[in-house]
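Order of listing sets the numbers, starting from 1, for every ligand and every atom in it.
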Amino acid sequence: MTQTVTPYHVSGDIDYERLLDDFGADRLPDATQERLGHPLARRDVFYAGRDVERFLDADERSVVTGRGPSGPMHLGHVLPFYFAKHLQDAFDATVYVPLSDDEKYYAKDQTYPETRDYLRDNLRDVLAVGFDPENTRIVVDTDDADVVYPVASAFAGDITHNQMTATYGDPPNVGLAFYPAVQTAHLLLPQLVEGAHATLVPIAVDQDPHVRVSRDVAAKAKYDASKPGALLGKFLPSLDGPGKMSSSEGVAIHLDDDPDAVREKIASHAYTGGRATVAEHREKGGVPEEDVPFQYLQAFFEPDDDRLRDIEAAYRAGELLSGELKELAADRIVEFLRAHQSRKADLGALDAELAPYRLTADERERARSAVGL
Ligand code: TRP
């Protein structure tokens, strides 16, 4: 089986267990998934990691999860942010949200003005998640360059060219060759600001190379920062099939999609685990493992374990038809989107909304002095 999984390229049928061998991360024990206390962990979307227990046992905790603004956000992009909000509510974690506009300018065929438009729209989606501004910092690489650049430069000297190519392959330009130092700056920033403490990075598994680089930099012990932990997630599937949800291939559900259009999309494009005819379905039952609407409910949209179990059993028994299961999923997804969209629509001017989430002058100073400036 061929699979390519790097931060810049994901293709093929993904063997999630084999990736753990390749990357050297550990599968999470069920008890750890339970302790995280969220469907995404309990239902095995977040399935592996590094130092997750250390985070759970710590008394001071931060979470870092970011976004590269390469277009409008879809469901697959936003779920880690809702998960981070759960960690904030349940464990009093400080959440750092870095936006790597520089990265997407290097990695994608998009101009600075285009990147800037995506950035501003993505920031509104991040704000719509409803993080607590007292306990959340949103950092934009090009806006917060007074912090990000000196910190990234300090780390860049600790990342060798060989380490970078071994982790990412041959970069297409010098921007991406430098970018690992920038993402390491994101991942160590909470500790530069507040001193060494447990940090967890909930991300899709393709982003793990960045965490490995940041752990290597922390391990050199030049700075007061411990290795960030990783919580690695499987991809949310594309609506029309097994591959990952993506804006460029397959069918994605975007955060700005009109609810009626979403119902229509699900009805006409969802890949199901149903049988060819109703009679056959009634007789043999459906296959929830292959059914994308079921997987959406399982991952996030049906938080009630008993209700999910009933849906699964009814589908497997052939009592619930694919069309009915699609409608159940559509109801839940539309309900989620309406709530998200209404919070987004209620936001005022972006700069004013962002103000309480920005690093304070004092925090900037602490981060810079932590690397010796
Ligand atoms: N590199 C990520 C992407 O391409 C975005 C990102 C930037 C990020 N900094 C991060 C993700 C820190 C998680 C943690 O999507």
Closer than 4.0 Å to some heavy atom of Glu103 - which atoms of ligand 1 meet that?
1 (N), 2 (C), 3 (C), 4 (O), 5 (C)
Of all the non-hydrogen atoms in the protein, which one sits nearest to atom 11 (C) of ligand 1, and at what distance?
Gly66 N, 3.4 Å
Side-chain ion pair, Arg309 and Glu312, N-O less than 4.0 Å
no
Suppose we measure from atom 2 (C) of ligand 1 to each protein heavy atom; which comes out shortest, and what is that distance?
Gln207 OE1, 3.3 Å
As a quick check of understanding, evaluate ring-ring contact (aromatic ring centres under 6.0 Å, His included) for His38 and Phe46, giving each step before the final call.
CA-CA 10 Å; His38 190 275; Phe46 283 118; 8.1 Å; no
So, Tyr179 and Asp102: side-chain donor and acceptor under 3.5 Å apart, yes or no?
no
Note: Asp346-Arg124 ion pair, threshold 4.0 Å (strictly below):
no
Arg67 N/O to ligand 1 N/O under 3.5 Å:
no
Does Arg212 make a cation-pi contact with Phe23 (under 6.0 Å, within 45 degrees of the axis)?
yes
What protein heavy atom sits nearest atom 10 (C) of ligand 1, and how far off is it?
Gln183 NE2, 3.3 Å
Taking NZ, NE, NH1 and NH2 as the nitrogens, is one of them in Asp304 or Arg307 under 4.0 Å from a carboxylate oxygen of the other?
yes
Looking only at protein heavy atoms, which one is nearest to atom 7 (C) of ligand 1, and what is the separation?
Tyr179 OH, 3.3 Å
Where Gln341 and Pro259 come nearest, the two heavy atoms and their spacing:
OE1-CD, 4.0 Å
Nearest non-hydrogen protein atom, atom 5 (C) of ligand 1
Gly68 N, 3.5 Å
Does ligand 1 have any atom sitting under 4.0 Å from a heavy atom of Lys104?
yes
Looking only at protein heavy atoms, which one is nearest to atom 9 (N) of ligand 1, and how far off is it?
His186 ND1, 2.9 Å
Does some non-hydrogen atom of Leu187 fall short of 4.0 Å from ligand 1?
yes
Indicate whether the side chain of His74 and that of Asp257 have a donor and an acceptor atom separated by less than 3.5 Å.
no
Consider every N or O of Thr65 and every N or O of ligand 1, then say whether any pair is closer than 3.5 Å.
no
Those atoms of ligand 1 less than 4.0 Å from some heavy atom in Pro98
9 (N), 10 (C), 12 (C)
